[in-house]
Q: 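Here it is, the structure in full.
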Amino acid sequence: MKPVSKSNRSKSKKPVRALDFGDRWDYAPAPESVRPKIKKQYELFIDGEFVKPHSSKYFNSINPSTEERITRIAHGDKSDINKAVKAAREAYDKTWSRMDPRERGKYLYRIARLIQEKARELAVLETMDGGKPIKESRDVDLPLVAAHFFYHAGWADKLKYAFPRRDPQPLGVCGQIIPWNFPLLMAAWKLAPALACGNTVVLKPAETTSTTAMHLAQILQEADLPPGVVNIVTGEGGTGAALVEHPDINKIAFTGSTEVGKRIAASTAGTEKKLTLELGGKAANIIFEDAPLDQAVEGIIQGIYFNQGHVCCAGSRLFVQEGVYDQILRKLRTRIATLRVGDPLDKNTDVGAINSKEQLKKISSLVQCGVDEGASLEQSSCALPEKGYWFPPSVLTDVTMSHRVAQEEIFGPVLSVMTFRTPEEALQRANNTPYGLSAGVWTDKGSKIFKMAEKLRAGVVWANTYNKFDPTSPFGGYKESGFGREGGKHGLSAYVRL
Ligand code: NAP
Ligand code: MG
């Protein structure tokens with residue numbers, strides 16, 4: 001890799017400690033060889049067809065690791081949203097809600113199998129468009145995408161067992177808005193339960209990562225899904241709001257920033273629209289002195305640096321019990337220095353590119369703010385490519401609870417480290433945030449795990465592991481992290497009327 005552009009490292013006057021592992025030997029490059037077929041331009045997917053946008057406008061989708069244009073994406077406006085909602089309503093009334101649930105299940109199985117068949121190509125595309133390492137998209141995202149369709153396919157004709165003595169009925173037309181950090185996986189989280197329960201959908205992908213959604217549209221066509229059951233309307237501003245405000249929508253599901261989530265909550269208030277929100281997080285990872293320390297460090301690294309910290313449940317705050325603080329920090333520094341940052345398509349890469357220029361700016365400015373407020377910054381001295389959007393894996397110490405970096409979501413490869421003495425203090429500090437999506441506890445003692453899990457105000461608590469997902473397990477937040485659950489039986493209830 002070419003030597004470093006220093007541009008996106010901290011410009012503070014306070015010295016930044018460089019984390020370096022000395023003379024380490026390098027792996028030979030191992031670039032992914034599969035190349036997906038990418039069209040020059042993608043249209044909207046409405047009523048089973050690819051159609052040109054009403055505005056005739058297109059926007060670029062960029063590869064954030066090279067800043068090269070991958071393709072052009074159609075910009076859908078209000079008139080396209082109207083068309084899509086109309087198609088979804090018709091499909092709901094005439095086909096999908098009336099179909100034998102076993103038949104609906106068969107479509108979902110077919111979609112799941114097609115995703116498996118094309119998994120490699122989809123993973124490469126996800127990595128090119130979003131910047132995440134191929135290791136992640138290939139080994140985590142895509143298997144989970146297929147698993148979500150398989151899991152919900154199984155529920156389609158068994159809903160009355162999920163809700164015994166009730167009569168679960170679909171809601172109607174669902175508007176779903178998804179973020180850029182897990183583009184296909186978020187599409188699967190939203191589409192699979194909605195379809196299994198007999199709803200139809202208008203989906204709005206994130207503007208920086210719409211390409212795999214359009215490949216999913218091709219898969220839906222290939223699976224012969226009846227026209228209008230799923231409509232995908234891409235756009236870069238105004239499209240999401242038009243969907244949320246459409247009067248003929250029965251349910252809105254949104255994953256993204258708390259700010260937009262609040263706007264959506266305000267705009268759906270007083271309407272009949274059902275709403276689920278999955279917003280940001282500021283997860284605490286808590287390490288007790290009795291924890292298996294090496295395992296804990298590995299979990300922490302995975303929880304914040306893999307995927308560039310672009311994870312709403314990223315373990316961005318680390319609370320270490322005082323007695324092992326020095327030891328943990330030493331181990332962390334060594335491990336951070338060996339993280340491989342660079343070409344996301346290289347199979348050895350741990351940390352890929354930041355999703356967009358805007359996100360890079362946001363990360364840099366929040367880290368700078370942390371330094372200005374008195375935190376000490378340590379950064380990997382790894383070489384960063386000249387082109388693209390990169391941020392070196394970073395650690396902030398001397399952080400206090402009132403610092404912005406301890407309170408706000410950074411959504412980047414930045415860990416804020418703090419300490420605690422007693423379990424009570426750890427709980428009090430971990431819960432001291434407007435968010436409540438996830439948390440991690442590292443200890444050798446089962447009783448401590450239960451005690452902490454019970455009192456942590458977080459939707460998910462992982463114990464001696466981190467960022468593990470499964471379609472059978474519900475996911476969602478407390479407080480400003482949102483409401484409603486996705487996955488498992490709980491997730492189904494967001495898409496039925498009982
Ligand atoms: P964002 O602002 O939350 O979401 C943008 C999406 O929401 C776009 O698709 C946009 O569609 C739509 N939208 C905007 N205003 C809307 C409105 N009033 N009604 C309905 N939809 C609306 O995400 P971002 O700007 O990409 O990221 C900002 C921050 O969000 C990140 O830094 C990170 O902290 C957080 N984030 C969280 C998650 C998560 O998983 N919880 C994921 C990604 C990002 P249009 O383009 O059509 O307006
Ligand atoms: Mg992109």
Side-chain angles (χ1 to χ4, degrees), residues 44-48 51 53-54 74-98 104 168-179 186-207 210 213 216-217 220 225-257 260-279 476 482-486 491-498:
L44 307 174
F45 183 62
I46 298 177
D47 208 11
V51 296
H54 166 255
H75 172 66
D77 63 13
K78 199 167 168 179
S79 134
D80 302 301
I81 289 287
N82 288 345
K83 230 161 87 180
V85 174
K86 191 161 166 255
R89 175 60 61 192
E90 234 175 82
Y92 177 77
D93 288 339
K94 297 195 180 144
T95 336
W96 198 245
S97 69
R98 296 180 177 197
R104 286 205 296 256
Q169 294 297 324
L171 298 171
V173 177
C174 303
Q176 306 183 320
I177 301 172
I178 53 170
M186 289 301 108
W189 276 31
K190 298 265 185 291
L191 289 175
L195 299 183
C197 294
N199 304 281
T200 58
V201 175
V202 178
L203 179 80
K204 156 71 174 75
E207 70 182 70
S210 296
L216 181 61
L220 302 179
L225 189 72
V229 172
V230 173
N231 306 273
I232 305 183
V233 183
T234 47
E236 56 158 358
T239 319
L243 181 57
V244 170
E245 282 155 19
H246 196 289
D248 198 27
I249 292 273
N250 301 98
K251 188 219 159 80
I252 293 288
F254 172 79
T255 299
S257 66
V260 175
K262 283 181 178 169
R263 251 184 278 154
I264 292 176
S267 113
T268 53
T271 70
E272 303 258 291
K273 288 170 195 162
K274 275 188 93 171
L275 176 65
T276 42
L277 297 174
E278 201 265 273
L279 309 175
F483 47 80
R485 295 291 179 268
E486 297 186 290
L492 290 173
S493 65
Y495 287 99
V496 290
R497 188 173 292 120
L498 292 174

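As a basis for the values below, the full set of heavy atoms in this structure was taken, side chains included, without hydrogen atoms, waters or symmetry mates.
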Q: What closest approach, in Å, do Ala265 and Leu277 show between heavy atoms, and which atom pair accounts for it?
A: CB-CD1, 4.2 Å

Q: Below 4.5 Å, heavy atoms only, C-beta onward: do Leu492 and Cys197 meet side chain to side chain?
A: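 They are in contact (side-chain heavy atoms under 4.5 Å apart), so the answer is yes.
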
Q: Test side chain to side chain contact (heavy atoms under 4.5 Å, CB included) on Ile252 and Ile264; report intermediate values, then the result.
A: CA-CA 9 Å; Ile252 293 288; Ile264 292 176; 4.0 Å; yes

Q: For Leu195 and Tyr495, run side chain to side chain contact (heavy atoms under 4.5 Å, CB included): C-alpha distance rounded to whole Å, both residues' side-chain angles, the deciding distance at 0.1 Å, then the answer.
A: CA-CA 9 Å; Leu195 299 183; Tyr495 287 99; over 6 Å; no

Q: Determine whether a donor-acceptor pair (N or O, by modelled atom type, separation under 3.5 Å) exists between the side chain of Asp47 and the backbone of Ala84.
A: no

Q: For a quick test of reading the model, state the closest non-hydrogen atom pair linking Pro170 to Arg497 and the distance between them.
A: O-NH1, 3.4 Å

Q: Would you say the side chain of Ile81 lies within less than 4.5 Å of the side chain of Thr239, judging by non-hydrogen atoms?
A: yes

Q: Quick one: CZ on Phe45 to CG on Leu203, what's the gap to the nearest 0.5 Å?
A: 11.0 Å

Q: Would you confirm whether Thr255, through its side chain, and Pro179, through its main-chain N or O, come within 3.5 Å as a donor-acceptor pair?
A: no

Q: Treating Asp80 as the side-chain partner and His54 as the backbone partner, does any N or O pair qualify as donor plus acceptor under 3.5 Å?
A: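 Yes, because the side chain of Asp80 sits within donor-acceptor range (under 3.5 Å) of the backbone of His54.
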
Q: Of all the heavy-atom pairs spanning Pro205 and Ile232, show the shortest one and how long it is.
A: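 Scanning both residues completely, I find the closest heavy atoms to be CG-CG2, 3.7 Å.
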
Q: Contact between Glu486 and Pro193 at the side-chain level, heavy atoms closer than 4.5 Å - yes or no?
A: no

Q: Between the side chain of Thr276 and the main-chain N/O of Ala253, is any donor-acceptor distance below 3.5 Å?
A: no

Q: So, taking the atom named NZ in Lys251 and the one named OG1 in Thr268, what distance separates them when rounded to the nearest 0.5 Å?
A: 10.5 Å

Q: Of the non-hydrogen atoms in Trp96 and Arg104, which two are nearest, and what is the gap between them?
A: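 The answer is O-NH1, 2.9 Å.
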
Q: Between Asn199 (side chain) and Leu171 (backbone), is there a donor-acceptor pair under 3.5 Å?
A: yes

Q: Check this for me: Lys86, atom NZ, are more than 12 non-hydrogen atoms of other residues, nucleotides or ligands nearer than 6.0 Å?
A: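 Not more than 12 within 6.0 Å, no.
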
Q: Working to the nearest 0.5 Å, report the span between OG of Ser210 and CD of Glu236.
A: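 Rounded to the nearest 0.5 Å, the OG-CD separation comes out at 9.5 Å.
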
Q: Could you report the tightest heavy-atom contact between Ala87 and Ile46, atom names first, then the distance?
A: CB-CG2, 4.4 Å

Q: Check Val244 against Lys273 and note the closest heavy-atom contact, atom names and distance.
A: O-NZ, 2.7 Å

Q: Could you grab the distance from atom CD of Glu278 to atom CD1 of Ile177, nearest 0.5 Å is fine?
A: 13.5 Å

Q: Looking at side-chain heavy atoms only, is the closest gap between Leu191 and Val230 below 4.5 Å?
A: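 When only atoms from C-beta onward are counted, Val230 and Leu191 do touch, with a gap below 4.5 Å.
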
Q: Side-chain contact, heavy-atom cut-off 4.5 Å: Lys204 with Phe254?
A: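 No, too far: nothing below the 4.5 Å cut-off.
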
Q: Any chance you could measure Ile249, atom CD1, to Leu275, atom CG, to the nearest 0.5 Å?
A: 12.0 Å

Q: Within this structure, what is the CD-OG1 distance for the pair Glu207 and Thr234, rounded to the nearest 0.5 Å?
A: 10.5 Å

